[in-house]
Amino acid sequence: MHVARLLRLAGCVLTLGISACGKREPASQAAKPAKHTTFSVTPPILAGPKDVFEDVTTKAGITFIQQFCDERIANILESNGSGAAILDYDNDGWMDIYLVNPGPLDGVTHHQAGTRREPNRLYRNQGNGTFADVTATAGLAGSGYSLAAAAADYDNDGFTDLYLVNAGKNILYHNRGNGTFEDVTDKAGVGDKGTGTGAVFFDADNDGKLDLLVANYLTYDPKNNLYFNPDAYPGPLSYPPEFNCLFHNRGDGTFEDISEQSGVRLPGHRAMSVCAFDYNGDGATDLYICNDATPNMLLVNDGHGHFRDEALPAMVAFNANGEAAGSMTAAVGDYNGDGRLDLLVSRLGYGSLYTAQPDGIFQDRMLASGLGALTAQYVGWGSVFLDYDNDAKLDAFIANGDAHQMVGWESLLLENRGDGTFADAADKGGVYFRNKLRARGSFVLDFDNDGRMDVLVTAMGDRVFLLRNRDPSGNHWLTLDLQGTKSNRDGFGARITVTAGGKRQYTEARCQAAFLGTSDRRVHFGLGLSPMADKIEIKWPSGTMQILNHVPADQILKLKES
């Protein structure tokens, strides 16, 4: 472990009132307006001929640069960055990209008077490798200090809607189906005014309508300073925590706040992200919430939309060192192929690879998998599972960035060896993985529909990075685009098993919540050398079982619940 990292961890433990290994960063001192500061924007990263991932952002026509309204990372809210949502808003079969902007916020950023907020951006995928900025036409410029977004069809009308997560009032945009969106926040009753860090759509009570969990962080006070240390500002434990909110979908375009009666309104936590999955296989969707400097939560659903925190007995509240380190997000997937979903948690502090066991308890295999040594020197923000080479084994991508300064670190491509361990695949990944970036969110998508999973990375005060996957292996793949009928239209909560070449792979269709946003909702399987899936088994949330046999590989298959 690097000396600098040991010193940082020691400082977290020994410095009273800061963060208990949460975020502790250098501060601006008096809250005075900053000069206009232009941070360097990373030029196009030219891939080598054998690089698996190619930076195609400029070529694709994506010009978004995150608006960072300060001279440096001046407080705990600024350090989080901002994210994105991947969605097919116009139902043309091509994934579009929505990027959010924090912009200026009085009391948080030290901007010059009159600084205008730059809009969020919606980029429409034109199906030829390029994107068009359709923000103005769509009506999605947004407002407020935006951090994250979540995409789903909450009203089952066949068009994907957007929920914008702000520090302050959130916004629900209803997709009209004609290329435009309408702000229905007040009508729907979901304008939560907390300091949001993420959101996820899921069907809490299995009534066929998607509910909404909003993850809230802390109540920031700019007057709170560390007078004894002018070079640092207060960490998360110095601010009051905020409650998470659960909104129940009534099915008439409105939601009811059921946070209290559902059991999710638990005190003392500071959420960084939330993901939804069925942890115990009982058909009810559970929630895993990553917290900053407080234990993570596993909210287990009783099947009727009532939750109980079982993170401690399930062994997913703390990392292997017994720390409630600053957790950013959890990637969900069956990395070892045993038919149970595992969690890869990225942290400021020692991360975790929670490996599900048959008894419902997880083992943290961070060290045994090799991920501990590969990730320990970094602050991991956005972490996602993806099968980048379609060999039927889930690999991982982690976006790293310095939480202290506006300087960059390398992202990680971690290849699954198939024996429970991972290897550094940066050399295969290419030049991108040798560049130090101020990265935050990472999101998986197949923007060119070629069956090779691409990656989108957001960064602070910098452009985004769209990484096209050019894996040359020729391995086969299959992508499922589900449409529920009796279940919610997105099919979230469907449990899927694919058998190909004698190997069974298991996953769930779900709102692919990641740090500060959501990934491509379609369900992707690498099939290795198998030219077909021998069997596809889908257990829909409604209880309907659907089986398909001898399905040819290398296609995006639209499947309607029958």
Side-chain angles (χ1 to χ4, degrees), residues 4 23 25-28 32-48 51 53-84 97 99-105 108-112 115-121 123 131 133 145-147 231 233 348 377-382 397-413 426 429-443 455-468 515-516:
K23 281 178 277 184
E25 298 99 354
S28 65
K32 58 184 179 181
K35 300 175 182 178
H36 281 297
T37 302
T38 302
F39 294 99
S40 59
V41 174
T42 304
I45 299 171
L46 301 180
D51 291 356
F53 285 95
E54 176 191 8
D55 173 18
V56 296
T57 318
T58 301
K59 185 189 305 183
I62 297 175
T63 59
F64 177 90
I65 298 174
Q66 189 220 45
Q67 184 183 18
F68 185 82
C69 296
D70 222 320
E71 292 183 301
R72 52 180 171 173
I73 300 174
N75 57 61
I76 198 165
L77 292 189
E78 287 185 343
S79 70
N80 289 334
S82 60
I97 298 172
L99 300 165
V100 305
N101 238 330
L105 179 62
V108 173
T109 61
H110 304 127
H111 54 276
Q112 290 185 336
T115 300
R116 295 191 302 175
R117 179 189 185 275
E118 294 296 326
N120 302 339
R121 295 289 181 184
Y123 287 95
F131 291 76
D133 185 342
Y145 190 85
S146 300
L147 293 171
D231 295 324
Y233 61 74
L348 194 158
Q377 64 180 300
Y378 302 104
V379 175
W381 298 86
F397 179 100
I398 301 179
N400 298 308
D402 198 295
H404 302 207
Q405 306 289 340
M406 290 291 282
V407 297
W409 287 357
E410 301 92 339
S411 297
L412 295 174
L413 181 64
V431 177
Y432 168 84
F433 295 92
R434 294 195 289 274
N435 277 261
K436 295 183 177 182
L437 308 171
R438 302 184 292 271
R440 287 301 185 262
S442 62
F443 309 91
V455 177
L456 178 79
V457 180
T458 63
M460 294 184 64
D462 201 351
R463 65 182 180 91
V464 297
F465 299 84
L466 179 62
L467 306 178
R468 179 173 178 259
F515 180 61
L516 301 178

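Basis for what follows: all heavy atoms, side chains included, without hydrogens, waters or symmetry-related copies. Because the structure is a prediction, the values reported are computed rather than measured.
Partners of D51 according to the side-chain contact (heavy atoms from CB on, under 4.5 Å) rule, which considers only residues two or more places apart in sequence or in another chain, are A47, V431, R470.
Taking CZ of R434 as the reference point, atom CD of E410 lies at 10.5 Å (rounded to 0.5 Å). The distance from atom CD of Q66 to atom CZ of F39, rounded to the nearest 0.5 Å, is 10.0 Å.
Of all heavy-atom pairs between F68 and M460, the closest is CE1-CE, 3.3 Å.
Taking the six-membered ring wherever Trp is involved, the centroid distance between the rings of F131 and F64 does not fall below 6.0 Å.
Panel note: side chain T458, backbone G441; a donor-acceptor pair is recorded below 3.5 Å. At least one donor-acceptor pair closer than 3.5 Å links the side chain of R440 to the backbone N or O of S79. A donor-acceptor contact shorter than 3.5 Å is absent between the side chain of W409 and the backbone of L437.
Salt bridge R121/D133: present, at least one basic N to carboxylate O contact under 4.0 Å. With respect to the salt-bridge test (charged N to carboxylate O, under 4.0 angstrom), the residues E54 and K59 qualify.
The closest side-chain donor-acceptor pair between R463 and T42, if any, does not fall under 3.5 angstrom. In this model, no donor atom of one side chain and acceptor atom of the other lie less than 3.5 Å apart for D70 and T109.
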Q: Would you sort out whether F443 and F397 count as a ring-ring contact (aromatic ring centres under 6.0 Å, His included), showing the intermediate values?
A: CA-CA 9 Å; F443 309 91; F397 179 100; over 10 Å; no
